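Below you'll find the structure, written out as structure tokens, and then a few comments.
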Amino acid sequence: MVRVRYAPSPTGMPHVGNIRTALFNWVFARHHGGQFIVRIEDTDRNRYVEGSEQAILNSLRWLRLDWDEGPEVGGPHAPYYQSQRLEIYHRIAHQLVDDGKAYKCFCSAEEVEQMRAQQRAQGAAQTMYDRRCRKLTPAEVKARENDGLPYVIRFKMPLEGTVAYDDLIHGRTEFQNKLTDDFVMLKSDGFPTYHLANVVDDHLMAVTHVLRGDEWVSSMPRHLNLYRALGWEPPQFAHLPLLLGPDKQKLSKRHGTTEFTEFIRQGYLSEAMFNFLAICGWNPGDDREILSREEIIALFSIERISDNPFVFHHDKLLWMNGHYIRELPKERLIELCLPYLQEAGLIPPTLNADTRAYVERVVPLEQEKMKLLSDAPRLLDFFFRDDYPIDEAAVRKWYGEPHIPQMLEELIRRYEALEPFTTPEIERVTREVIAWLGVKGGEVIHPTRIALSGRATGPSLFEMIEALGKPRVLQRLRQAQRWVFRK
RNA sequence: GGCCCCAUGGUCUAGUGGUCUAGGACGCCAGGUUUUCAUCCUGGAGGACGGGGGUUCGAAUCCCCCUGGGGUCACCA
């Protein structure tokens, strides 16, 4: 039985790269009919950020990554919060001390920092805890304990030899033990460090595969030696390629949007994010890139995960989102756009039937142009308000033309009398005006669009006219009569 | 700097010794469709696969070195 976990730390708003790791784990579990566990690694009380855990869980839910065990759902290995598992880590850490595989270290953080500073000053290739407390005699340890000195528990790294493992993505990787120092397993505040808690919980929770970011491979010597000291069989490891910014540095806030909740807020679709995240470092083996979640689950395999870092470019994500928006059924598009229109103040928080019908008519007119749901207000504002911006350059381009006064007059006269005021009828009379003026279609269509929307580009004119409705159309055409000037 | 990882057009990626004068996608450019924009369709520019050595009849594909890039070196995860 495949069991994987996503182990976020509630130290801030979720990062895309982190959610991508969650997605890979989830997809891997679902592909194998295995289980997906969520475990909250809240062992750093200093960096804890209120609300971040909910933001993380909500992001998973938004992507429909359901978990079989974890917060809110519980499970056979509860609790799934490391802060509630402290006794376990204590027991194991002290067990290791008793077995002579770990030791209490009474050096203060300042002392250790000083040590490192000195090593740096001496030009050491690498700074390391000098293991001074490893040499303490039992009596010395006793004495310090009796003095009430705080201590941490450090792991006794083997001083020689190597440790190796077969990474599911990178292949065999080997490390020399002597290059890793005696890392802290249990902090002086009684909380475990990642290394201890992670290894212990992965074992206790029967995790079979660890899929995590590449930044963790450098911790493998610690983890592997810990497993060895504990006499546990380590799980399989797959280190995922890092997500980089356009400058090839590890993706971070300065590269633009990286907070996952921010993508949601901007109006990316769940399906689009799911699809895009899935191809951040993975491909199905053929040319397809647009894939449904079912296809991704069916096709997923670790062998097809790339081993080189992935430069995260927003433009491809944007393209993909536009693709998914275009495929959206109209009803769903409308539903999804409502909050954005409301937030922009274009429509009231609660809609009456008329407004609702108007929104339903108008939103689909710009569907193919939307790349983000948040584009909706910008694209549609002139349907809802009369003080929309006017493209002055476009006005200047057209409103000095000699046929414009007659055109407006004629359009107003015919539209006013037109019944029913529907797209085909509107097109028919408009074409009559075009013929009557003896000009090209565009010479009427473009200036009319400017009159009605203030812009040179927009939805198909005749549909737009019907949607706007007769009163608004007549009023805007009359207003445009004031724009006319002589060249 | 030590250790580890990576190296196909601007970016992602296919390619696992010959079918590759390297395929696809985003982006870019041009043309077409269209009442505009967008969509859609067609075409195009852009890499001879980081460099150098090998191995082989034959290498983008295997090996070595170099170079470049990245990650990591906490009582953070």
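Quick caveat, the model's predicted, so the values are computed rather than measured. Each chain gets a letter, A, B and so on, in the order its sequence line appears, and its residues count up from 1.
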Step through it carefully: locate the ring centre of A:Phe300, locate the ring centre of A:Trp282, and say whether they are under 6.0 Å apart. yes

C1'-based separation of B:rU67 from B:rG53 [nearest Å]: 14 Å

Please determine whether a side-chain nitrogen or oxygen atom of A:Asn46 lies at a distance below 4.0 Å from atom OP1 or OP2 of B:rC75. no

Using the ring-ring contact (aromatic ring centres under 6.0 Å, His included) definition, which of the options A:Phe237, A:Phe183, A:Tyr194, A:Phe175 pairs with A:His223? A:Tyr194

Any A:His170 side-chain N or O less than 4.0 Å from OP1/OP2 of B:rC4: no

Classify the side chain of A:Ser218 and the base of B:rC4 as holding, or not holding, a donor-acceptor pair under 3.5 Å. no

Validation: residues 215-222 of chain A side-chain donor-acceptor distances under 3.5 Å, sequence neighbours left out:
none

Is there a Watson-Crick or G-U wobble partner for B:rG2 with both distances under 3.5 Å, and if so, which one is it? B:rU72

Hey, does the side chain of A:Lys248 come within less than 4.0 Å of B:rA7's phosphate (OP1/OP2), counting only N and O? no

Looking only at the aromatic ring of each residue, does the gap between the centers of A:Phe274 and A:Tyr268 stay below 6.0 angstrom? no

Using a cut-off of less than 4.0 Å, is there contact between a side-chain N or O of A:Arg47 and OP1 or OP2 of B:rA77? no

Can you tell me which nucleotide in B:rU72, B:rC37, B:rC75 comes closest to the side chain of A:Thr457? B:rC37

Looking at the base of B:rU36, is there any donor atom on it, or on the side chain of A:Arg455, that sits under 3.5 Å from an acceptor on the other one? no

Distance check, P atoms only: B:rC26 and B:rC62, in whole angstrom units. 29 Å

Distance below 4.0 Å between A:Arg222 side-chain N/O and B:rA77 OP1 or OP2: no

If you compare every side-chain N and O of A:Arg326 against the phosphate oxygens of B:rC40 (OP1, OP2), does one of them come in below 4.0 Å? yes

Mind checking side-chain hydrogen bond (donor to acceptor under 3.5 Å, both in side chains) for A:Arg47 and listing every partner two or more places apart, or none if nothing turns up? A:Asp44

Would one find a side-chain N or O of A:Thr180 under 4.0 angstrom from OP1 or OP2 of B:rC4? no

Among the nucleotides B:rU13, B:rA77, B:rU72, whichever has the atom closest to the side chain of A:Asp44 is B:rA77

May I ask you to evaluate whether A:Arg116 reaches the phosphate of B:rC75, defined as a side-chain N or O under 4.0 Å from OP1 or OP2? yes

Of the candidate nucleotides B:rC3, B:rA14, B:rA7, which contains the atom at the shortest distance from the side chain of A:Asn283? B:rA14

Quote, to the nearest angstrom, the P distance that separates B:rC66 from B:rC5. 15 Å

Its contact letters, B for base, S for sugar-phosphate only and - for none at protein heavy atoms under 4.0 Å, make nucleotides 19-31 of chain B read ----BBBSS----

Between A:Arg134, A:Lys156, A:Lys101, which is the residue that forms a salt bridge (charged side-chain N to carboxylate O under 4.0 Å, His left out) with A:Asp182? A:Arg134

Please check if the distance between the ring centroids of A:Phe36 and A:Trp67 is under 6.0 Å. no

